[in-house]
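Structure, as structure tokens:
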Amino acid sequence: LGWIDVAAARALAGTLIERFKVKAGGPDAAAKSLSGGNLQKFIVGREIDAQPKVLIVAQPTWGVDVGAAAQIRAELLALRDAGCAVLVVSEELDELFELSDRLMVIARGRLSPSVQAREASIEHIGQWMAGIFDTTPVRPEVSKGHPEVSKGLTSDHPDPSTGSGQGTQSVSKEGSP
């Protein structure tokens, strides 16, 4: 066919179908024949398999079963650990806390401050998602005895616009408390 190496495409499809447990009629199955969840697993798997330097994913586990969601999350974390910068856009707070090193929220046209996920609380991130930015999303046990953390101004909170290196940044969209 010229531009497309059909044998390589078929081999890649077979590898992704097996690795991500995609229910398909084989490597020659048309994408339109897959269910939404299986198409999601295939697409996420294809992007992870490419071993990118930067990966932006939106709702990476939407529409997949619990086992597939756990596998996708583990693969994203392994990709991060291999040096890829991963940006996760999601409304699922549990997913964001599991996958992210740092959290930021976009709500009502504003971007929240960046906070380390291990220092954030679901309640405060939820407030940010509602557009209430005058609260610091720090767990009480973290800020106890650390006034600089209570203010969200620790030295390990770099400005995300100047930060560098690997890690997982998350952006949660408004709409889900």
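Keep in mind that what you see is a predicted model, and the values were worked out from it rather than measured. For the numbers below, each heavy atom of this structure counts, side chains included, while hydrogens, waters and symmetry mates do not.
At least one side-chain heavy atom of M129 sits less than 4.5 Å from a side-chain heavy atom of L93. V22 is not listed as a side-chain neighbour of L16, based on a closest heavy-atom distance of 4.5 Å or more. At least one side-chain heavy atom of R80 sits under 4.5 Å from a side-chain heavy atom of D101.
Pairing each heavy atom of V64 with each of A69, the nearest pair is CG2-N, 3.7 Å. L76 and V86 make their closest contact through O-CG2, 4.2 Å (heavy atoms, listed as atom of the first residue, atom of the second, distance). Heavy-atom minimum distance, E75 versus I48: CB-CD1, 3.6 Å. When all heavy atoms are compared, the tightest approach of P60 to I72 is O-CD1, 3.7 Å. In terms of heavy-atom proximity, C84 sits nearest to P52 at SG-O, 3.2 Å. Nearest heavy atom pair, residue K41 against residue K21, reads NZ-O, 2.7 Å.
For the pair R108 (side chain) and I132 (backbone), a donor-acceptor distance under 3.5 Å is absent. The backbone N or O of R73 sits nowhere less than 3.5 Å from a side-chain atom of E95 that would complete a donor-acceptor pair.
A distance of 7.5 Å separates CG in L34 from CD1 in I17, rounded to the nearest 0.5 Å. A distance of 9.0 Å separates CG in L39 from OG in S33, rounded to the nearest 0.5 Å. Note: E91 CD to L96 CG = 9.5 Å, rounded to the nearest 0.5 Å.
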CA sep, side-chain torsions, deciding dist, call: D49, R19, side chain to side chain contact (heavy atoms under 4.5 Å, CB included): CA-CA 10 Å; D49 186 69; R19 179 176 168 191; 3.3 Å; yes
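F20 is not connected to V88 by any chain of hydrophobic side-chain contacts under 4.5 Å among Ile, Leu, Val, Met, Phe, Trp and Tyr, and they are in different clusters. One hydrophobic cluster, built from ILVMFWY side chains closer than 4.5 Å, holds both L12 and I43. Cluster membership check: I122 shares its hydrophobic cluster with L99, using side-chain heavy-atom separations under 4.5 Å among Ile, Leu, Val, Met, Phe, Trp and Tyr.
The side-chain hydrogen bond (donor to acceptor under 3.5 Å, both in side chains) test applied to T15 returns no partner, not counting sequence neighbours.
Tested against W128 for a side-chain contact (heavy atoms from CB on, under 4.5 Å), the candidates L111, I106, V105 yield a single pass: V105.
For T61 and E92, the side-chain atoms include no donor-acceptor pair closer than 3.5 Å.
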